[in-house]
Amino acid sequence: MRRNSKRKSNQSIRYPSQQQPSSKRQKTSFVSESYLSTLSAAGVTLHENSPPVLNTSAQEFKHQLTKSLSTLGNVPSEESVAEFVKGYEQYVMESERLLFSLQPMKNNIDTESSSISFSRVLLNIDCLQTKIALILIEKLLEFADTFGVDARYCDVPKLILIQLHWLDIIIEEKVIFDKLFEVLDVLPEDIQRDIVQLLPEIIISYDESELAKKLQELLENQSHLVAACIEALSNLNIPSDLSEEILESALERISSCSVPDLPLLINYISSQVTSKNHIKVIGELRQRLDVETCLLTRPNASSTPVPTLTNSGNSTSYAILNSICSSLQYVKHVPDAWIKVIGSVDDESSHSSLDLFILCIINEITAKRKAVFDLVIAKVKSGLFSAELVDELFNSQLSSVPVIFPSTLALCSKLISHSSNELVLSFVKSLYFLLFTSFDAIKQKEVIVSLIDTIGSGISHNRDCVLSVLELLVDKSLHQMIKFSVFIKSVLDYLNQFSLPQVRRLYAILSTLTCSSGSPLTGSVSDEFHSIIRKQLHHHEPLFHQMGIIGAVVMIKQLTSKGNIHETTINTRDTSLSTHSLSQAKLMLEQVINACTDLSSFYEEMASVVSEREIHNDFLKYLLEEVTGKFQEIYVIEAVDLTTQSDASGGLSTKQQFNLDPIAADGDSDPIAVELFDLLKSSSAQKSTLAASLPSHFKLLRTCEQVLNGGLEEVDALLGCPIVLCSPSKLEKDLFEELSMHERQLICSSLVHTINWFRELVSSFASESDKEMNWKVLMRIKNICSLQDQLKSLLTVTSGPFPTLDVSTSSIISNTDKRTSSKTQKDQSVLVTQMNQSMAPTAATATGKDHNDTVSVKKGGGGGGNLLYDRFQLLFRPLEMSAYRALGYKAISRSLVDTHMQPLESQSVKLKPSELLFLLESLKRSLPKGSFGFKARINNEEKKRFVASFVENGILDSLCNHLEELHKIEDEHDEDLDIIYSCMLSLYSIMSSFFSLPFTNESLIESLKVLSNRSLELSSSQIFDIDSIAGSAIVYCQTFIGRIPNLTIAAAYCKLLVSIAKASSNGLKINISKSCEKLLNVNWDELKGVTHKNDSLEFVIKYYIEYASNPVGVVEELCTEVITELIEVEEEEACIHQSTKIPTLSLTTFSCYFRCMMNAINNHAKSTLNKNVTLSQNQLSGLMTLEQCSRVMNMLMNYVKSFDSKPVIAAGLKLGMTFVEIFSKQGLPLIKASFKTRKDNVLQIIKIFQKTTRLLQNYCGHSKVVANPLLTNYVPKVKRALETFVFEVKEVLVLNGCSEAFGVKNLKNRTLKGDEILTQSQVTNDSQEVEEEEEREEEEEEEEEIVCIL
């Protein structure tokens, strides 16, 4: 190999000008005449005060001088050489003449070849070279004291080194080498650096290993020579073993060298990376390198000057990071090494911003993008990369970020695809925000364009992420975002892909941008946005009409927000809303009311905005006045005597019903009633839609009332007032069937609207503390339950469609929008279609004759009514969280009076089981999707808000009260047992789902205290930490274990225990396992029938085994002590026999136990045999675990022969294959690592496991015989897993030098019982002798196979 580079002979280092020395050196006498004559004869003339003059060519001078110094045979004599050297030494004794000898000579013959100096010519003469070189090196010492003092001679040391640089040939390299290192320590640091840098070019053919060792010593001991040593080492060809030692020294120098030397050091280390050492080297480099710390704490002195970089505020940091970037882009193994090293870090505190910076740089390499993305997404999801790390990157290394902007932006765009994870979403938001705020407008534009392009991808959670980023940017950097309003407005082109919650968020962003005062850039965008809202409000498609309502409400919110105060009043106490904003909001409100035929959606949207308490009171007063006036005008009438009925023109009489406030006979008060039925009967379509708007209208009214006045005293009369409905006499079944279909539809519609009205009243007044209101709320709950039962009964004789119900798209979307916010526009349209189809006529049209209608409904039967009622439940208003405060109501008494105000008996009201079940089922439907038992995803922020509301309303305490009460009254209400059991199931399910939600630490402790304070084990004064609180909570739950009525409730009870344990810590698992064991020892009625799958039973079994202190030991105990007694059961007793030790285990439930036990073994093996098990200190415990798992797995696989049902065989094939894969991937590395040291243990494990593989082979053969698709689908995968295992065992043997011990032989196909499965050719040539011979041979082969593998 050749040297990396060569320097030109005339290269020089310019030193800065120095001050004049304080004194001049004394001049010496000139040289001898003989010396001058010798040089003159050779062709050089010396002068005392001027540079030498060359009168001939350099080559001719060398020839003549050598000739003059030579004696016989043309060999220079020592005397003449010594005399000449003495003359040279005398000549250069004077500093000025030394300088002349080092400078180019004048040439009187050839003016172009005047670049060679007098000393250089002499150094190229073999007989003079060594002596002249030693004189010049000694001169370095002479100038050491005056270096940098006399400006005239500041270049002399460098000129001396240049004379020694790249000589034609060096006669005595070792002498010169030793002399240079002899004087090195006493020279100034700058001269030392020059010497070290030029050593490879001075000592050309010297032993490079020796030179490298000397440089290594300097590298280790002289911090100021680090850069010079690294540069010199880079120009040497060093043996690999010595190169590794120098690399170690360089790595150790990283933490102690000066910061400006780091770039050269990093470049050298990166250049030494190979395929063998790349992970080790990069790992140590990453561990020792800390850019932020070294910049703050290390000395700024450098061993080499670093030029100032104008493209970075911090040139040193930029140089360091630039060296890292260069190595990542141009050194082959460095990117892979960085990825592996960063991936191996499993502690969040061990990560630094440098890790993220490097991954962003590697992301620019096309071939590495997938690896980088996979690593980043894994780190973010595990919490190792957080938003704080992004902040650290941008804050500490801001000068280096422009280099990685495109790569970081591309990485962000890919990360959005995983933004459904909350950690990823937070990380992406932080990245985008800092990319936007840290750069100029051009880069900001790229960020916005990237976000808009992502919105067009058509993926819902991608849009959610982009909207979250835009919300953050608008909130934190509004002024900068205004410039890009036009770009954000273009998102409206994708509006048909948005769900309603996404539309709401987008409109909020646009309204914030367009309503920003003092921005001329938003004028056109604002006009266009208002135009779009107006068009949508008048759109014939309900979905777009709903979007227009959302846009209008968002604009009203923005115009009337409390921050939008008139400019002239900012510095005064007057905080009134600006006149312009108020008038704009009123105009927008008027436009919405005029454009909407059904105002329900507007009322709901407006009520939601008002509840946020951000709207200014000036507008709220105006809104309350308008809403109250319209409500009284449309719905409120004067109450009359409830015993009178009025005849309607359609033949249906009406009556004011469900009155809770007695009407005074003296007429002192003005009782009111709510008009509903007449609105439905009206021929005007507008009036009929007003009935559907009643609950929404009142919701807006009472929300405004609560925000402005802090209570509902002004509207509490509506809670107990009656409502006008059809006379109850018409609802009797016989009379109801005589009505026309239109009248039946009208009555059913009125019941739906009444139920919704009462639901809204419960949601509104349940949080009030007044006992009178609490009594009325309980009565309204009873009314709801009775009306729902009545509606369900009437729907059995009624068909649709229901025009008076006004099942419009907007109302359904408004309802589903609150329940499932992830619904897209397409899903909502499908839902509307399904609702309308479900209400279509099933037997006759609604316009037919009364008699035909009645007959057709009777023929249709009652089964369709329940289905129709299920569809109607979508139209019921969901209760708000405040409504569930009614769960905490105890028995409430109320003194009643008659119409003449005479006292009657007091009436006590409390929740009955049926009413409790209604509230619990409603609460269960309100649980955020994604909690225990739900697969749908919902935002974690929504879950946390739900938890906060759950805790704030004291719902958990009420649930515990009802749970205790239900267990007490279980024996007292035999007729309501089904309802009581349903309540129990709902209670356990709600509580388990609640504890599965994400908690803050405070809310978790507060929730667990609700349970723990009821425990007799710990008092509140003894509880200090979350583990003791959770333990006490579980103790409280265990008090119910003896009173659980059925297995389904038992499974829900176990889910509650598991969710509490997961919310706290793992120290409670053993108690839960014992509780599950108690439940398994109960003889449940549900298991008396024949069943092979029971999810409830499997759940209890799973946590009985999984949460035990030794799961494999529990499974082994079940195999050896419990299951064995089932094998001896005779066939006639098979369906009724149970285990005497565990009653839930029988021949029919064995498949449930079998699946759970197999899964437990697989999970335990997978979790225990991790990557650390191959370490020497963990090998023995790992082998013992592997042996135990293999032994118990073999027991389970043998039981398949006795319990040969299809579910058992299928589980054996599937889960047995999983165990083989775990053994191959995680067990064999352990065997490979411990084969030589623990051979006996290894052979025992393989011997046991081989029996399992043979059983799997037999089960595959049996599956082919029975030809059941359930079984044969697993056969190819099992065969493939077995083949993989065989070849990996061979690899282990080869690596350990035991390849001759491996042999492969064909096994015969056998059934579960061990009978041979004959092929077609074997059947043709079947004979008793051949069969016996083959059996003997097979037995021998089987024995041989074990020996071979061992």
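Residues take their numbers from the sequence shown, with the count starting at 1.
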Heavy-atom closest contact (Lys445 atom, Phe487 atom, distance): CE-CZ, 3.6 Å

Val331 versus Ser270, closest heavy-atom pair with distance: CG1-O, 3.4 Å

Gln272 versus Ser243, side-chain donor and acceptor atoms under 3.5 Å: yes

Pairing of Glu1221 and Lys1166 as salt bridge, 4.0 angstrom limit: no

Residues His418, Val380; criterion side-chain contact (heavy atoms from CB on, under 4.5 Å); working and verdict: CA-CA 10 Å; His418 290 259; Val380 175; over 6 Å; no

Side-chain H-bond candidate by donor/acceptor type, Ser258 with Asp261, under 3.5 Å: yes

Nearest heavy atoms of Cys412 and Leu435, plus distance in Å: SG-CD1, 3.9 Å

Parallel, tilted or perpendicular: ring planes of Phe427 versus Phe385, cut at 30 and 60 degrees: parallel

Note, Cys465 side chain near Tyr432 side chain (heavy atom, < 4.5 Å): no

Exercise: identify the closest heavy-atom pair between Gln497 and Ile455: OE1-O, 4.0 Å

Student check: side-chain heavy atoms of Arg463 and Tyr494 closer than 4.5 Å: no

Heavy-atom side-chain contact between Lys379 and Leu356 under 4.5 Å: no

Which atom of Ala441 lies closest to which atom of Phe484, heavy atoms considered: O-CZ, 3.8 Å

Smallest separation among heavy atoms of Pro335 and Ile365, with atom names: CG-CD1, 3.9 Å

Stepwise side-chain hydrogen bond (donor to acceptor under 3.5 Å, both in side chains) check, Arg369 with Ser407: CA-CA 10 Å; Arg369 285 179 181 172; Ser407 176; over 6 Å; no

Geometric cation-pi criterion, Lys476 with Phe433: 6.0 Å, 45°: no

Between Ser460 and Gln502, a side-chain donor and acceptor under 3.5 Å: yes

Crowding at NZ, Lys340 (>12 non-hydrogen neighbours, <6.0 Å): no

